[in-house]
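Since the structure comes first, as C-alpha cells, the remarks are kept for the end.
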Amino acid sequence: MKIKIKIKRFNPNEGEESREPYFQLYNVEAGEGMTVLDALLKIADEDDPTLSFRRSCRSAICGSCAVSINGHAKLACKTQILPERHKFGEILVEPLANHAVMKDLIVDFSPFWNKMSRVTPYLTPPPGRQEQADDVKITPADEAAIDRAQTCIMCGACNSECNALEIDPEYIAPAALAKAWRFVGDVREGEKQKRLERLSMEHGMWDCVRCVHCTEYCPKDVRPLKEIELLRSAAIGRGITDNHGAKHVESMTQSVKRVGRLDEAAMTFKTLGFLRSLGMIPFGLKMELHGKMPMPLIFSQIEGMDEVKTIFDEIEEKKKEKE
Amino acid sequence: MRAAIEAAKSGLNVALVTKVYPVRSHSVAAQGGINAALNPADSWENHAFDTVKGSDYLGDQDAIELLCREAPEDILALERMGAVWSRDFDGNIAQRPFGGAGYPRTCYLADRTGHGILHVLYEQVIRHGVIIYDEWHVVKLVVKDNAARGVIAIELKTGRLHRLHSKAAVIATGGYGRVYKTTTNALSSTGDGMGLALSAGAALMDMEFVQFHPTTLPRTGILITEGARGEGGYLLNSKGERFMEKYAPKVKELASRDVVSRAEQTEIDAGRGVDGCVLLDLRHLGAEKINERLPQIRDIAINFAGVDPIEKPIPVRPGAHYSMGGIMTDVNGMTAIAGLYAAGESACVSVHGANRLGGNSLLDAVVFGRRAGAAASEFCFQTAFPEFPDSSLKDAAHEVADILKRDGGEPAFIIRGEMTAAMENSCGVFRDKERLTKGLENIRELKERYKKVSLSDKSDCFNTELLAVVELGNMLDVAKAILIGAVNREESRGAHSRTDFPRRDDEKWLKHTLINKTNGELKISCKDVTITKYKPAERKY
Ligand SMILES: Cc1cc2nc3c(=O)[nH]c(=O)nc-3n(C[C@H](O)[C@H](O)[C@H](O)COP(=O)(O)OP(=O)(O)OC[C@H]3O[C@@H](n4cnc5c(N)ncnc54)[C@H](O)[C@@H]3O)c2cc1C
Ligand code: SF4
Ligand code: SF4
Ligand code: FES
C-alpha cells in the first residue's frame, strides 16, 4: 500500500531563497512491520538521496534515529508505519524539538553531549584513591537501584520533549540527570555529596517542572523523572537544602502538615525569602488578572486535617523503623 | 575505545575518530555476554580448549591462551571502571552457559552486555580526556615507507577533509556484515577499516570465514538471540517438522551456530521453507514464560516482524553475523606496517579461527583493544614524529571531488543491492566452486560500474549519500577478498562449508589465508597456524 510521508527539510547549503525549512511529501510503498526508518532509507535510496538523517543499529539500541513523528519524539526504527498512520491519519516526520537543526532531520547534538559531560559521567573512586577497590560487594539490590538509569541509550527523546529545557536552554535536562543518578545511586561512588551539591545549583535538577514528558516519551522506559526524584530526595537527605528547589519542597511539606494543602503565598516567602518575594508581586498581579490567583489569599485548614496528620505520623514512624 | 583509554593512561595525546558518536557503535547491540573463566571450578585452560575446538583448529593457540588467561582480569577491570555485571544470589558475578562452552562462563549485564560495556568505555574515554572527533569518517590511512603517518577524515557537518597526523593509529572499525543482504549488523558495519588497511598495504587474513547466525528476522536481519532456543524454542519447517532432530539428534536446536544454519539452509533449499525462512516456535512455552524470560525477544518480534510469539511462530533464517577474518595482527595488535595497529572485529589475531564462539568477540575487542593501545603507546614513546606527506591530503580531496563531480552515472544503491545479493547467493552458508566463481565475476563487474557511480546530493553538510559511496568502495574490496579466499580454500572448516569439498583437510589447509593488494590487484598467500598443546582432532559436539 502507498503511504504519504511528510518530511520537514532544511539544507543550509542551498540557495538563499530555500534556506528556510520546508515540507516535502513522499509516497512510499509500505507493508506490515515496516518502520519509519525503513521508509526513510527507502526514500533516500530510491527517491531522494539528498534526504539526511542519522541511523545505525535499526534495532532501538544505538540511539541514533530519534526524530519527531506526528508531533512527538520517537525512535524512527521502533515506530511502525501502519499503526502510526492508523492512529494519526498521517505520517509527519520532523527533527527533534529543543535542538538546533543542521540539515533535514539531523540536529546539533553537541549541547546534549556537553550536558552529559557536566555531570562528570564516570564512576569516581573515594577521595584519595586512584581506582575502585575490587572488594566492594555489589548485591542484586545495589544493581537494581541503578538498573533503569543504566538502560539509557542517549537518544535525546526526553530532552526534546522537556518543558523546562524549552524555557531554559542551559537547563541540565533529563537525560543527563538520569545519568547523574546512575552514579549517585551506585554503592561504589565516592563523591555523592559533591555531585548532589553541584546538581542543586542553578540550571540543575531543581529546575525540572515535573511535566512527566521525559518519562512519557522515553523509548527505553528509563523514566528520568523518577531518577530526578531520587536525586532530589538524596540531596535533601544529605542536608543540601540551601537552594530554591529544596526549600520549596520543605515549605510544601510544612504547608501540607499545617493546613492540609499548599499555601502558595506563604510558600513563595519561604522559598524565595522576603525581598525576592516582593519581586513576585507583579507575577501575582498577572495571575490575578487571569483569574488564577487562589482565593482567599490566607488559607484556612482543610477538613479532615486529622487524616493528614496521621499520614505524617505514619511516615515518621516508617522512617524510624528503617533507621 | 579500549585502546584509546590505555593509550591516554600512558600520558599520550589521544584522539578517537569515529563516524558515529562512540555510544552508537555496533558493539551496543551485543546482548548475550562476554566469556571469562572466573569460577575456581573452571579454568582458563578449559576456556582455551573450547575456543580452539570451536575455531575448528584454525585459531592460533598462543593468541587463544593469552586471550583466555587475561580475560578474568579484564572483566574485573571493566567493573572497576563502572560496569555492574549481573549478580547471582550471593552477590558474585553471575555466569550463564553459552553454545560450545564446557562451563557456564559467560558474564552479562542483563540482556544488554554490549551496551553496558560500550557506555562504560565511553565514560572512561571522557574521564581520561581523550579528544573525540565524532561524525568524522576516515577515508584514508596514510602510510609512507611502510610507516603509518595518520589518517584523513571527512567531517560530516562541514564536508571538509582533515588530516590527523599521528605517530600511530589503531583501527577498530568493526565488522562488514553489510556486504550481505541479510545481516544482524548495523547500517554502519561496512568493514571500512579492512578495506582501508588493504589499500594501505596491510594484509587481510581468513576473510572467507563468515559466521551466519541461525535466527535472524527475514527483511531486516535483526537478531533473535540464542536464548530463544536456550529456553526451549523449536525450529519447524513448512510441514511443521522439528527438523533439527534429523541433523543433531542429541542437542537438536542447541547445536552450534554453523550446524543449525546449515540445517536451516538445507531445509529451505529443499523447498521445505516458508517464504525463504523456517519457523521459530515459542508458543508451547506459554505466555508466562515468554513474558518472564524472553521479554526483549517478544518486543523485537512484535516491533520488527509484526509477530507476537505467544500467538504465532517467528519466521527466521540464517544471516551474516560476524567476521572471523580481518586485518592480520600479532598478539599486540601490530600489523606489518610500523605504527599501524588493529583490534576488535576488524582485526584477525586470530583467536576465532574458522568459527567464533558466542561471547568471545566482545572479549577479543576488550583484551586485544587494551593490548593494542598499550603497544601503540610504547611505539609512540620510542619513535620520532614521521612526516605527513602533503600530497596525500590533496589526493584524497581529488578523489572526493571526483565522486562529487560525476554526473549521469548509476546511483550507489543499485550496485550495493546487487553486491549484497551476489554475496548471499554465491558465498552464503553453502558454497561451491561454480557459484563462487560466478560471484567473483559479479563483483568484478560491479567494481567497474562503481567507477562511474554518481550522486544527486552535491552539498557539504551531512552528505550521507557521499558517505554511502565511499563505504561501497570499501565493501566491494572486502567482498572480493571474501570470495577469493572462499574459492581458494578447497575444504570445509567451521563456517566455510564447500559442498564440493565437504571434509576438513588438515594436511593441505591447516593454514591461514592472507590477502594483499599490490598494484590494485588482490594477491593470495598462506601462513601456518600456531599450535601449542591442542592437537587438531575431529570437531564433534
Ligand atoms: C546483534 C549482535 C549481537 C552480538 N552479540 C554478541 C555477544 O553476545 N557476545 C559477543 O562477544 N559478541 C557479540 N557480537 C559481536 C560483537 O558485538 C562485535 O564483534 C564487537 O562488538 C565488535 O566491536 P568493535 O569495537 O570491533 O566494533 P564496533 O563496535 O562495530 O565499532 C566500530 C567503530 O568504528 C567506527 N568506524 C567504522 N568505520 C569508520 C570510518 N570509516 N571512519 C571512522 N570511524 C569508523 C564506527 O563509528 C564505530 O564507532 C554481536 C554482534 C551483533 C551484530
Ligand atoms: S519532568 Fe522535568 S525533566 Fe522531565 S521533561 Fe518535564 S521538566 Fe523536563
Ligand atoms: S532517558 Fe530515555 S529518552 Fe532520554 S536519552 Fe535516555 S533513552 Fe533517550
Ligand atoms: S537506528 Fe539505532 S536506535 Fe534507531
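Every value quoted in this text rests on a predicted model; they were computed, and no experiment measured them. Reminder, nothing fancy here: chain letters follow the sequence lines and each chain counts from 1.
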Backbone N or O of [Y] within a donor-acceptor pair of the [X] side chain at under 3.5 Å?
{"X": "R55(A)", "Y": "A186(B)", "answer": "no"}
{"X": "R24(B)", "Y": "C62(A)", "answer": "yes"}
{"X": "R87(B)", "Y": "D142(A)", "answer": "no"}

Evaluate whether atom [atom1] of [X] has more than 12 neighbouring non-hydrogen atoms of other residues, nucleotides or ligands under 6.0 angstrom away.
{"X": "R406(B)", "atom1": "CZ", "value": "yes"}
{"X": "K192(A)", "atom1": "NZ", "value": "yes"}
{"X": "D275(B)", "atom1": "CG", "value": "no"}
{"X": "K194(A)", "atom1": "NZ", "value": "no"}

Of all of [options], which one pairs up most often with chain B through heavy atoms under 4.5 Å apart?
{"options": "I153(A), T35(A), D38(A), T151(A)", "value": "T151(A)"}
{"options": "L82(A), L51(A), T139(A), I106(A)", "value": "I106(A)"}
{"options": "G33(A), G63(A), S56(A)", "value": "S56(A)"}
{"options": "M102(A), M34(A), E32(A)", "value": "M102(A)"}
{"options": "A60(A), A44(A), S52(A)", "value": "S52(A)"}

Do [X] and [Y] sit within salt-bridge range, that is, some charged N less than 4.0 Å from a carboxylate O?
{"X": "D45(A)", "Y": "R416(B)", "answer": "yes"}
{"X": "E123(B)", "Y": "K179(A)", "answer": "yes"}
{"X": "D147(A)", "Y": "R112(B)", "answer": "yes"}

Top contributor to chain A interface from [options] [non-hydrogen pairs under 4.5 Å]:
{"options": "H26(B), E135(B), K458(B)", "answer": "E135(B)"}
{"options": "L118(B), T220(B), L466(B), L455(B)", "answer": "T220(B)"}
{"options": "H115(B), E465(B), Q124(B)", "answer": "H115(B)"}
{"options": "W85(B), Y122(B), F304(B), F89(B)", "answer": "F304(B)"}
{"options": "C461(B), S188(B), A412(B), A468(B)", "answer": "C461(B)"}
{"options": "N185(B), V20(B), N463(B)", "answer": "N185(B)"}

Is there a side-chain contact between [X] and [Y], using heavy atoms and a 4.5 Å cut-off?
{"X": "Q31(B)", "Y": "I61(A)", "answer": "no"}
{"X": "L41(A)", "Y": "L187(B)", "answer": "yes"}
{"X": "M116(A)", "Y": "I126(B)", "answer": "no"}
{"X": "E79(B)", "Y": "R188(A)", "answer": "yes"}
{"X": "I222(B)", "Y": "R58(A)", "answer": "yes"}

Where [X] and [Y] come nearest, the two heavy atoms and their spacing:
{"X": "G82(B)", "Y": "L123(A)", "result": "CA-CD2, 3.8 Å"}
{"X": "T50(A)", "Y": "S456(B)", "result": "CG2-O, 3.9 Å"}
{"X": "N303(B)", "Y": "Q80(A)", "result": "O-NE2, 2.6 Å"}
{"X": "K103(A)", "Y": "D457(B)", "result": "NZ-OD2, 3.0 Å"}

Point to revise | Residue part contacting chain B, namely of P83(A), when any heavy atom lies under 4.5 Å | key: neither
Practice item. Sort E46(A) into side chain, backbone, both or neither according to what part of it lies under 4.5 angstrom from a heavy atom of chain B. Key: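 Both backbone and side chain.
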Check your understanding: Are H119(B) and M154(A) close enough, and set up right, to give a side-chain contact (heavy atoms from CB on, under 4.5 Å), and what steps lead you there?
Key -> CA-CA 10 Å; H119(B) 280 249; M154(A) 303 199 173; 4.0 Å; yes
Which distance, rounded to the nearest 0.5 Å, do you find between the [atom1] of [X] and the [atom2] of [Y]?
{"X": "K78(A)", "Y": "I300(B)", "atom1": "NZ", "atom2": "CD1", "value": "10.5 Å"}
{"X": "D134(B)", "Y": "W113(A)", "atom1": "CG", "atom2": "CH2", "value": "8.0 Å"}
{"X": "K157(B)", "Y": "D108(A)", "atom1": "NZ", "atom2": "CG", "value": "6.0 Å"}
{"X": "E143(A)", "Y": "L109(B)", "atom1": "CD", "atom2": "CG", "value": "7.5 Å"}

Measure distances from [X] to the heavy atoms of chain A and classify the residue's part below 4.5 Å as side chain, backbone, both or neither.
{"X": "A83(B)", "result": "backbone"}
{"X": "S86(B)", "result": "both"}
{"X": "L156(B)", "result": "neither"}

